[in-house]
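To start, the structure under review is shown below, and the notes come after it.
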Number of protein chains: 2
Amino acid sequence: MNIQFKKGVLEICVLSVLAHKDCYGYELVNEISKRIDISEGTIYPLLHRLKDEGHVTTYLQESAGGAPRKYYRLTESGRKEEHEQKEEWMQFCASVNALLEGKNHAAD
Amino acid sequence: MNIQFKKGVLEICVLSVLAHKDCYGYELVNEISKRIDISEGTIYPLLHRLKDEGHVTTYLQESAGGAPRKYYRLTESGRKEEHEQKEEWMQFCASVNALLEGKNHAAD
DNA sequence: CACAGTATCTTGCGTTGCAAGGTACTTACC
DNA sequence: GGTAAGTACCTTGCAACGCAAGATACTGTG
C-alpha cells in the first residue's frame, strides 16, 4: 500500500475509532490494521501528539497478561477535531475523485 | 487544507490529468488548483520524478507571451501507473471511509 | 530458564509538499 | 527607454509524517 496516502489520514482514523470507544494503543493498531496497514512505531508518537494537543486524555488499567494498558479517551476538543477532520477528509476525497474523473472545472 | 492529505495523491492527480491531455507544468498547476491547492514548487520536482521513472516524456513548444512551454505526455508505463494508482487510491478511500463509519471489521 | 505473547516507547531515516527565491521572455504603461 | 506584471521554468532548505528497528517490561508455557 502507498505509504504516502496515509499521511494525515491515520490521525482522523484514530480519532474516529476513539469516538466510538476508549482504546489502548495496541488495540488501536489491531483495529485499524483490519482496514489499513499500520505499525506501532506510527501509533504511539501519534497518540502522544494528540495528548499534547489536548485531544485525548489517558488512564491506566491492568491487563490479564502483559503490561498494563494505557487507555485513550477523546476530550471535547478531540470530538470537535474528529468532526472537523472528517468533514475535511470527505471534502478532500470528493475533490480528488472529481479530478480523477476528469471533471476539472470547479464550476461543474 | 490539510497538507498531509495531499502526500502521494498529487502524483495520481497529475497522471490523471495527463491521461486526458498533454499539459505543461504551469497549466497543470492551474488545472489542479481548481480543485486542490497546489504550488509550483511541488509540481516541477514531481514532474521531473515522473520523467526519471519513465512515466512521461517531454517536448518543447513556443508560447505566445512568455517562456516556451514544456509539455508532458504519458508513456505506456505512465498509463499503466495511472491505472494502478487510481485503483489503489479508490481502494484506500473505501477502507478509510469504512473505518470512519465505524465498520471496523474487515469481514463486513 | 528460555521463549512467545502482550503492551509500551524511542531513534533515525526516507518521502513528499511548500515557501522562498532565482531565471528568462513578452506585453503594457509611464 | 525603464519598470512592472504576467507567463513559464527551475532549485534549495525545511517541516511533517509513517516506518523499520530496537529497547523495555510483564505474564504464562514448556
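Computed from a prediction, not measured in an experiment: that's the story for all the values here. Order of the sequence lines fixes the chain letters, A, B, ..., with proteins taken first and strands second; residue numbering starts at 1 for each chain.
A:T57 and A:K51 are not linked by any side-chain donor-acceptor pair at a separation below 3.5 angstrom, with hydrogens and angles left out of the test. Side-chain contact of A:N2 with B:W89: a donor-acceptor pair under 3.5 Å is absent, judged by distance alone.
Residues B:M1 and A:L10 share a hydrophobic cluster, clusters being chains of Ile/Leu/Val/Met/Phe/Trp/Tyr side chains in contact below 4.5 Å. The cluster map of Ile, Leu, Val, Met, Phe, Trp and Tyr, joined by side-chain heavy atoms under 4.5 Å apart, puts A:V9 and A:M90 in the same cluster.
Taking 4.5 Å as the limit, some side-chain heavy atom of A:F5 sits within range of a side-chain heavy atom of B:E88. Two residues are said to be in side-chain contact when any heavy atoms from C-beta on lie closer than 4.5 Å; A:Y59 and A:Q61 meet this criterion.
If you measure from atom OH of B:Y26 to atom C1' of D:dG6, you get 7 Å, rounded to the nearest angstrom. Counting to the nearest Å, the C1' atom of D:dA8 and the CG atom of B:N30 are 11 Å from each other. Rounded to an integer number of Å, the gap from B:L50 CG to C:dT16 C1' is 13 Å. B:K70 has its NZ atom 16 Å from the C1' atom of D:dT7, to the nearest Å. Distance, B:N2 CG to C:dT16 P: 17 Å, rounded to whole Å. Atom CG of A:L60 is separated from atom P of D:dC26 by 13 Å (rounded to the nearest Å). Taking atom CG of residue B:L47 and atom C1' of nucleotide D:dC9, one finds them 11 Å apart after rounding to whole Å. In this structure, B:Q61 places its CD atom 15 Å from C1' of D:dT7, rounding to the nearest Å.
A sub-4.0 Å separation between OP1 or OP2 of C:dT10 and a side-chain N or O of A:H48 is present. In terms of phosphate contacts, B:Y24 brings a side-chain nitrogen or oxygen within less than 4.0 Å of OP1 or OP2 of D:dA8. The shortest distance between the side-chain N/O atoms of B:Y44 and the OP1/OP2 oxygens of D:dC10 is not below 4.0 Å.
Legend: side chain to side chain donor-acceptor pair (under 3.5 Å) pairs involving residues 71-80 of chain A, not counting sequence neighbours, sorted by first then second residue: A:H55-A:S77.
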> With the sugar-phosphate defined as primed atoms, P, OP1 and OP2, and the base as all remaining atoms, what B/S/- string results for nucleotides 14-21 of chain D, 5' to 3', for protein heavy atoms under 4.0 Å?
Replying inline: --BBSBBB
